[in-house]
Amino acid sequence: NQRIDFNMKRFTFLFVFMMAWVLEVNGQTATTAKLQETLEDLVSLDRLVRQVHWNARGTAAYSLHELTGEFHAELDSQQDIFAEQLSILGVDPVVSFEKLTQNVHAVPNANQKHMRKAGIDLLIKHYQQMINQVKERMKGIDDLVVEDHFIGLRAMLELQQWKLKLEQEI
């Protein structure tokens, strides 16, 4: 009877340990998937920002050129943060070729009469999409460091979108 009781306790301990490990691995997998998706979206948004930066035309083009240059630097920094967090969690940060080329042709033709306004409108739209994705991905993250990265990213995206809306009024 004692032997059965001992084996049952050992089985219970192993079962609880294995379940905790499975939950940890699954939670980490979900977290790394969210980090990877966000890294890919950051790269894609950065490519779009660079396209607007390089193709700024029209009245007040210089201010848009400078603003998008600033955004590129901040987006690049965020990409590093998310890539490094993936590495810390044991995942190689990889961005697909599809994501790299996703927004290459999204910028209106540089000869278009109102390219500046069209570029800003396009960026505001993509920023809103990214903000919504970040809000959704933040749900269910129980790693405080990762959650902090998402909070910082969301704040940066909202600030950049706000600056674009101000630039729209010039």
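For the numbers below, each heavy atom of this structure counts, side chains included, while hydrogens, waters and symmetry mates do not.
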Does [X] reach the main-chain N or O of [Y] with its side chain, forming a donor-acceptor pair under 3.5 Å?
X    : Y    : answer
T38  : K34  : yes
K165 : I124 : no
S77  : A73  : no
H65  : A56  : no

Determine, using the 4.5 Å side-chain heavy-atom cutoff (strictly less than), whether L159 and L166 are members of one ILVMFWY cluster. yes

State whether R137 and D41 are salt-bridged, where the test is any N-O pair (Lys NZ or Arg NE/NH1/NH2 against Asp/Glu carboxylate O) under 4.0 Å. yes

NZ/NE/NH1/NH2 to OD/OE distance under 4.0 Å, D46 and R50: no

Rounded to the nearest 0.5 Å, how far apart are [atom1] of [X] and [atom2] of [Y]?
X    : Y    : atom1 : atom2 : value
I141 : H149 : CD1   : NE2   : 10.5 Å
F82  : E37  : CZ    : CD    : 11.5 Å
E84  : L39  : CD    : CG    : 11.0 Å

Is it the case that E136 and N132 place a side-chain donor and acceptor less than 3.5 Å from each other? no

Side-chain H-bond candidate by donor/acceptor type, S63 with E167, under 3.5 Å: yes

Does any part of the side chain of [Y], heavy atoms only, come nearer than 4.5 Å to the side chain of [X], both counted from C-beta?
X    : Y    : answer
K125 : D121 : no
E66  : Y62  : yes
I151 : R154 : no
D92  : L86  : no
L153 : M156 : yes

What do you reckon, is CH2 of W162 surrounded by more than 12 foreign heavy atoms closer than 6.0 Å? no

Going by side-chain hydrogen bond (donor to acceptor under 3.5 Å, both in side chains), Y127 matches just one of Q160, K163, Q161. Which one? Q160

Steps toward side chain to side chain contact (heavy atoms under 4.5 Å, CB included) verdict (V43, E40): CA-CA 5 Å; V43 169; E40 288 184 347; 5.8 Å; no

What do the steps show when you test L157 against L45 for side chain to side chain contact (heavy atoms under 4.5 Å, CB included), and what is the final call? CA-CA 10 Å; L157 291 169; L45 180 61; 3.8 Å; yes

Going by the side-chain contact (heavy atoms from CB on, under 4.5 Å) test, name the single residue among V49, L48, D80, T68 that passes it with L75. V49

Side chain to side chain contact (heavy atoms under 4.5 Å, CB included) evaluation trace for R116 with I120: CA-CA 6 Å; R116 182 179 184 283; I120 292 172; 3.5 Å; yes

